[in-house]
Asks: 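For reference, the structure I am asking about is given below.
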Amino acid sequence: MLVPMRILLDHAAENHYGVAALNVNNMEQIQAIMEAAKETNSPVIIQASRGARKYTNDAYLRHLMLAAAELYPEIPVAMHQDHGNSPETCFSAIQQGFTSVMMDGSLAADGKTPATYEENVAVTKQVVDVAHAFGVTVEGEIGVLGGIEDGHGAGGSGLDHVTDPVQAEQFVAATGVDALAVAIGTSHGAYKFSQKPTGDVLKMNIIEDIHRRLPNTHLVMHGSSSVPRELVDLINKYGGKMKESYGVPLEEIKRGIKHGVRKVNVDTDNRLAITGAIRKVFAETPDKFDPRDYMGPARESMKAVCKERMIAFGQAGNASKIKPVSMATMVAFYKK
Ligand SMILES: [Zn+2]
């Protein structure tokens with residue numbers, strides 16, 4: 001069942017857990033997420049980047065998400081636009097039936113140039129006004145994340161534009177966003193840190209400060225793949241050439257969840273799981289040529305990662321406890 005993302009985050013906040021937001025581009029990925037959610041009784045956030053919407057021509061993606069809602073009526077699913085670069089992108093996502101959008105006004109519409117605070121407030125407020133009139137949840141971003149994901153990002157280190165907690169407080173008051181992505185040193189992609197991150201590079205104390213100032217705003221951690229060693233090793237064992245890298249350790253994410261983080265974006269780990277599984281089949285059974293022979297194991301491998309994250313973040317066991325709320329109810333909620 002498709003639900004507004006806000007109700008998942010509210011339930012997570014009331015019950016002190018986090019929800020993984022998992023990216024999709026194709027059928028096997030959405031199947032992996034939904035099976036993982038079913039097996040662990042987890043509410044889920046499925047998200048699509050602009051790149052994913054282009055790759056699927058919107059229509060394939062829309063029907064995949066409707067199929068998920070039809071096949072798993074017992075699982076509350078939020079469908080979220082990841083990193084909307086402009087109000088137009090967010091509005092077209094709402095037209096496609098997304099129940100949540102991210103207006104990433106931390107960057108200009110080119111998705112590369114850091115925007116000013118005033119520009120960020122203006123575009124984000126514009127999206128909040130329209131989205132809330134449809135009952136759709138809005139995530140904003142203050143500070144700029146490192147790295148590049150699907151062509152979106154300022155590049156550079158995650159420490160270049162760390163979120164200022166005072167500005168975060170002003171931003172939420174000025175825009176009315178439901179959720180706020182914060183930059184604490186994380187980056188998109190597989191190469192986040194050159195060694196296991198410490199407090200110098202991963203600023204968890206900033207999350208704690210922001211949560212003290214904004215106890216009712218759901219915080220979002222982007223770039224939160226853990227980049228497990230065994231997945232990178234598997235890829236390299238079967239002919240891959242990935243450099244050594246460190247992601248965000250699960251214990252740091254759990255610390256964030258203790259301090260107001262309710263949405264945790266994970267994409268790279270699933271990409272690694274898929275690629276490792278496919279390489280293994282290709283290397284061990286080079287005679288195979290039916291796509292199901294490698295897409296099937298890839299789906300299984302991604303499902304295992306999703307289940308692990310759902311259990312670690314605490315969302316497991318909560319799907320059946322969430323009362324579905326219609327978009328119309330949310331419209332009334334926002335009017336108050
Ligand atoms: Zn992101």
Side-chain angles (χ1 to χ4, degrees), residues 5 9 18-25 29 33 44-55 78-86 89-90 93 98 100-115 120 123-124 127 137-163 168 171 177-193 197 202-203 206-207 210 218-227 245 247-248 252-253 256-257 261-272 309 313:
M5 187 171 81
L9 302 184
V19 185
L22 306 156
N23 288 74
V24 293
N25 299 280
Q29 288 178 311
I33 296 166
V44 279
I45 299 168
I46 295 181
Q47 60 185 12
S49 64
R50 271 188 298 146
R53 289 181 56 194
K54 195 171 167 209
Y55 185 78
M79 189 69 207
H80 176 75
Q81 166 79 54
D82 192 16
H83 289 287
N85 63 316
S86 64
T89 298
C90 295
F98 284 55
S100 178
V101 292
M102 176 185 192
M103 175 63 235
D104 179 0
S106 72
L107 300 176
D110 67 2
K112 290 181 178 66
T113 317
N120 190 355
V123 287
T124 305
V127 170
T137 312
V138 181
E139 174 184 340
E141 176 170 324
I142 188 88
V144 182
L145 290 149
I148 295 177
E149 177 185 49
D150 272 3
H152 182 101
S157 153
L159 292 172
D160 291 348
H161 306 274
V162 168
T163 304
F171 181 79
V177 290
D178 304 274
L180 184 67
V182 291
I184 54 160
T186 58
S187 298
H188 292 117
Y191 305 106
K192 299 179 194 300
F193 305 110
L202 189 59
K203 309 279 186 191
I206 294 183
I207 292 232
I210 297 172
H218 303 301
L219 303 182
V220 183
M221 271 175 80
H222 281 244
S224 291
S225 277
S226 300
V227 194
S245 173
V248 181
E252 293 297 330
I253 296 173
I257 291 170
V261 170
R262 300 296 160 228
K263 174 172 178 276
V264 185
N265 288 11
V266 175
D267 188 7
T268 295
D269 289 349
N270 288 326
R271 295 178 176 198
L272 295 174
R309 297 295 174 276
F313 299 165

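Quick note: numbers below take in every heavy atom, side chains included, and nothing from hydrogens, waters or symmetry partners. Both counts, for ligands and for their atoms, begin at 1 and track the order of listing.
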Asks: Do P114 and H161 touch side chain to side chain, with heavy atoms closer than 4.5 Å?
Replies: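 Side-chain contact under 4.5 Å: yes.
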
Asks: Is any side-chain heavy atom of M221 less than 4.5 Å from a side-chain heavy atom of I184?
Replies: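 Yes, at least one pair of side-chain atoms sits under 4.5 Å.
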
Asks: So, do V227 and D269 sit near enough that their side-chain heavy atoms are less than 4.5 Å apart?
Replies: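 The answer is yes, as the side chains (C-beta and beyond) meet within the 4.5 Å cut-off.
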
Asks: No waters, cut-off 2.8 Å: how many protein N, O or S atoms are close to the Zn ion (ligand 1)?
Replies: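 Those protein atoms number 3 in total.
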
Asks: Does some side-chain heavy atom of D267 sit less than 4.5 Å from a side-chain heavy atom of N265?
Replies: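 SC-SC contact between N265 and D267 ruled out.
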
Asks: Going by the rule ring-ring contact (aromatic ring centres under 6.0 Å, His included), which residues pair with H80 if we only count those two or more places apart in sequence or in a different chain?
Replies: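 Testing H80 for ring-ring contact (aromatic ring centres under 6.0 Å, His included), a comparison that skips the adjacent residues, returns none.
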
Asks: Identify which one of R53, Q47, R50 satisfies the side-chain hydrogen bond (donor to acceptor under 3.5 Å, both in side chains) criterion when paired with Q81.
Replies: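 Exactly one option meets the side-chain hydrogen bond (donor to acceptor under 3.5 Å, both in side chains) with Q81, and it is R53.
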
